[in-house]
Amino acid sequence: MIVLVVVATGLGLRALLDIDHVKSVARDRVRTLWSRDLVIGDLGVRLLPTPSLRAHRVTLSNPAGASESALIEAELVTMRLELLPLLSGQIALSRLTVDGLRLNLEVMRDGSKTWEIKHNGPAQAVRQDIFDPAALRGVRLRNVDIHYRVADKAPSSWHIDELTASAQSGGRNLVVDASVLRESNPMRTHFEIADISRFGEKQATSEGALRAEWGDAVLTMAGRFPLSADPFGAQLKMRFDAKSMAALFGFFDIRHGAVAPLSITANLAEKAGKVDISDLVFQLGAMRISGKASVALTHPRRSFSASLAVDRLDWARAAQDAGLPPPPHKLDDGAFPVQPLAWPALLAMDGSEGTVDARIGWARLRSGVELTNTDTHWHFSGNKLDISHYAFDLLGGKASGQLLLDPHARSARLHFSGHGMLLEKWFSQRGRKVPLTGGPSDLNAAVTASGASMKEMTASLSGPVSVRVGPAHILSSGAHEAEALLVGFAPLFSSANADRVELACFGTVLAFANGVATGQPVAGARSEASQWLGSGVLDLKRQQVDWRGRIVARSGVSLGVTNIAGDVRLAGPVNHPSISLDPAGAPSALARIGAAIVTGGASLVATAVWDASNERNNPCAVVFERNRVVAARAAGQNSKPPAAAAPVATATKPRAGVAAAANDNQLRPARRVK
C-alpha cells in the first residue's frame with residue numbers, strides 16, 4: 001500500500017491535523033505523479049501512543065478501458081509513523097496494516113497492465129517523494145481478494161487470509177509469511193531475505209530462502225535472490241517434491257488428471273543476461289530426465305539451448321504418470337487416425353529461438369515398438385521445428401534421418417533411412433502373434449505431407465518410399481498350405497519343410513503423389529516355392545489398395561491354379577486387404593486350360609521350370625531396377641533397360657507345341673509387366 005503513504009508525504013505534524021487539507025494534497029499528488037484518481041472516505045489521525053493514520057474506504061482508480069473502475073479497494077488502512085522524522089517534516093513509515101483489500105489486476109487488449117503505473121517526473125524525484133522502504137519494519141494484510149483478468153476472459157481469483165512481513169531497521173532480515181486460498185486449495189509460504197535496502201535497484205541481490213507448500217507439494221529455493229523484477233544476479237538452488245499434484249493443480253485452477261510423484265532439482269544462475277540451469281534432474285514416476293539448459297534474457301526473441309538425457313521412456317506410462325487422458329479411439333474405421341495433431345503446441349513456440357540435444361537410452365512408443373540409443377538435435381526457429389538429425393537402433397537394425405515441421409502450414413518434410421530392421425521384432429513388439437522369424441528390412445523415404453490429422457497427412461503424401469525385406473521364415477503349416485493352394489493343386493517338388501514358408505525377399509517402390517502411388521511393377525515377392533510380381537495402385541486418400549500379378553512356381557514344378565486361372569489380386573482397404581484370383585483373367589484362362597489339355601500339361605511344366613531357373617526374373621530385383629531406370633530417364637539420363645524387363649529369346653526357352661507358343665506371353669510374368 002505504498003500509494004497511501006503519499007497521503008502524508010511531505011507533511012509535518014501540524015499539517016496532519018488538518019484532515020481536509022491532507023485529503024486534498026493526497027489527491028493532487030497522486031494525480032500529478034501517477035495520473036490516477038485517489039479517493040479516501042474517513043481519515044483519522046492519532047498522535048499517541050505513536051503517530052498513525054487510519055483511512056477508511058480507500059480506492060485507487062484503474063486506467064480508462066479496464067473492466068473494473070478501481071485498481072485498489074481497501075476497507076481500512078492503518079499506517080504507523082516514526083515520531084522524530086515527523087517532527088522535522090519527513091515521513092518514515094514503520095508499519096502498515098490493511099484490512100479488507102481487493103486488487104483488480106488486468107491485462108488489457110493492447111497488452112498493457114493496469115498495475116504498471118507510469119511515474120510522471122524523474123524517477124529519483126518520485127522515489128524521494130514517496131518513502132524509503134528500508135524504514136518499513138512491518139506489514140500485515142488481512143482478508144485480501146485478488147482478481148486477475150486477461151482481456152475479455154473470465155477472471156481468476158485468490159484469497160489471502162493473512163500475510164505478515166517483519167524486518168529489522170535498515171531493511172535487514174525480512175521475514176514474510178502468507179496463507180493463500182484459491183478454489184478451496186491452500187498455499188502456505190515462508191520467505192526470508194537478509195537485506196532489502198537496495199530493493200528495486202537493477203542487479204541488486206540478497207541472500208534468502210523460500211518455502212511454499214500446496215498440500216503434498218513443496219517448493220524450496222535458497223541462495224541469492226534478485227531485488228528487482230528482473231532475475232539479474234540470481235544464484236539459487238531449487239527443489240520441488242510432490243507426492244500428489246492435486247492441491248497444486250487446484251490452486252492454479254488447472255483441470256488435470258492424477259499425476260505420479262514428481263521431483264525436480266536444479267541450480268539457477270544469472271550472468272550477463274543469461275540464466276543457466278545446471279544439474280537439472282526431472283523425475284516423474286519411472287521417467288528420469290537429466291541435463292542442463294540456458295535461457296537468454298536480452299535476446300530480441302526468446303532464446304534457449306538445452307542438453308537432455310533420458311534413461312528410460314515408456315511413452316504410454318509417461319503419459320499416464322503425467323495425468324494425460326488415454327488416446328481416443330479412432331473416430332472411423334479407416335487405417336489412419338482423424339484426431340487433430342499437436343500443431344497448437346508448436347504454435348505456442350512462435351517467436352522462440354533455440355536448440356535441444358536429446359539422448360534417450362531406451363524408449364517404447366505407444367505402438368509398443370522400442371527404440372534404443374536415440375540421439376536427436378532439435379532446432380526451434382520462429383514457429384518451425386527442424387529435427388536436423390535423429391538416429392536410433394530400431395528392431396535390431398539402425399535408422400536415421402531428418403524431420404521439418406511447420407505448424408502454420410501444418411506441413412511436414414521427412415527423410416528416413418532404416419537398415420537391418422527385423423520383421424520378426426516388428427510383429428512381436430507390437431503384440432502381434434505372427435509365427436515369423438527373420439525378415440531383415442531396409443526402408444527409405446523422402447516425403448512431404450500436410451494436414452490437421454494423420455488421415456489428412458497421409459492423403460497428401462508425396463515422394464518416394466521403398467521397402468526391401470530379406471529372408472524370413474513363416475512357421476505355419478496353414479501359411480504354407482495357403483501358398484500351395486495359389487501355386488498349384490499338386491506340386492511335384494515342394495519346399496523341403498512342409499510346415500513353413502521360406503520367404504526369400506519382398507520389395508516395393510512407391511512413388512506417391514498427393515497420397516496415390518501407381519507403378520508397373522510396384523511390388524515383388526519370392527519364396528522358396530513361388531514368386532510374384534505385381535502392379536497397380538495404392539491410394540491413401542481412399543485408403544484402398546489394388547495390386548495384381550501372377551504367382552508362379554519357383555521351387556520345383558507345379559500345375560497350379562494361378563497358371564490356369566490368371567493373376568492374383570491384392571485389393572481392398574489398406575488395413576484389411578484381401579487376396580483373390582483376378583476374375584478379369586477368365587477369358588485367357590480358358591485358352592490356357594485348352595493349351596494344357598492339348599499338350600497334356602507340358603506347356604505349364606515348361607514355363608514353371610523356366611521361371612524357376614531364370615534369376616533374371618527375380619521380382620524383388622525387377623521392382624527396384626525398373627524404378628531405377630524410370631527415375632534415371634526422368635532425370636534425363638540415358639540408361640539401358642534392365643535385363644529382367646527385356647523379352648527372353650524364344651530359341652533358348654523349351655517349347656511344348658503350338659498352343660504353348662501361342663500362350664507364351666501370358667505365361668511368363670517378366671514379359672507381362674513391361
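Only a predicted model underlies this, so the values are computations on that prediction, with no experimental measurement involved. Positions are given from 1, in the same order as the sequence printed here. Just the heavy atoms: all of them, side chains too, but no hydrogens, waters or symmetry mates, feed the values below.
Taking 4.0 Å as the cut-off between side-chain N and carboxylate O, Asp406 and Arg410 do not count as a salt-bridged pair. Asp241 and Arg239 are joined by a salt bridge, as a carboxylate oxygen and a charged side-chain nitrogen come within less than 4.0 angstrom of each other. A salt bridge between Asp42 and Arg57 is present, with a side-chain N of the basic residue lying under 4.0 Å from a carboxylate O of the acidic one. With respect to Arg288 and Asp311, a salt bridge is recorded, a charged nitrogen being found less than 4.0 Å from a carboxylate O.
Side chains of Ser112 and Asp110: a donor on one and an acceptor on the other come within 3.5 Å.
Within the structure, salt bridge (Lys or Arg N to Asp or Glu O under 4.0 Å) contacts touching residues 62-76 (residues at least two apart or in different chains) are Glu73-Arg102.
Although no hydrogens or angles enter the test, the distance criterion places a donor-acceptor pair under 3.5 Å between the side chain of Trp343 and the main chain of Gly451.
Across every non-hydrogen atom of Leu268 and Ala266, the tightest pair is CD1-O, 4.0 Å. Here the shortest heavy-atom pairing between Val107 and Gly111 reads CG1-O, 4.1 Å.
More than 12 heavy atoms of other shown residues, nucleotides or ligands fall within 6.0 angstrom of atom CZ in Arg36. Atom CZ of Arg413 is surrounded by 12 or fewer heavy atoms from other residues, nucleotides or ligands within 6.0 Å.
In this structure, the side chain to side chain donor-acceptor pair (under 3.5 Å) partners of Arg211, at least two apart in sequence or on a different chain, are Glu213.
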